[in-house]
Amino acid sequence: MTTPQRIEPQHTLLTAVARLDELRTRESPAGGGGDAEVLDRTQLLEQLALSEVVVPWASPSASG
């Protein structure tokens, strides 16, 4: 199962953000220029885990 603890060592912050953006774009009706793609369970779990890895870096308290 995909968890933040398993996914964090696999990505740098830049690759995690890029993968998260890719999943969000595929899921978004505006992202692919057509119908939104339905993410499967594994992709949804990956998206959630990546969010939990990326969001702490984006919060104001992470910068110092």
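A pairwise comparison of heavy atoms in L39 and R26 identifies CD2-NH2, 4.1 Å as the closest pair. Listed here is the closest heavy atom pair of S51 and P56: O-CD, 4.2 Å.
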Assess the residue pair T25 and E22 against the criterion (side chain to side chain contact (heavy atoms under 4.5 Å, CB included)); give the C-alpha distance rounded to whole Å, side-chain angles, the decisive distance to 0.1 Å, and a yes or no. CA-CA 5 Å; T25 300; E22 176 188 340; 5.8 Å; no
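The side chain to side chain contact (heavy atoms under 4.5 Å, CB included) test with H11 singles out one residue from V17, L50, L20, and that residue is L50.
Counting heavy atoms from C-beta on, the side chains of L44 and E27 come closer than 4.5 Å.
We find the CD-CZ distance between E46 and R6 to be 13.0 Å, quoted to the nearest 0.5 Å. I7 contributes atom CD1, which lies 9.0 Å from atom OG1 of T15 (distance to the nearest 0.5 angstrom).
Looking only at distances, no side-chain donor or acceptor of E52 sits under 3.5 Å from a matching main-chain atom of A49.
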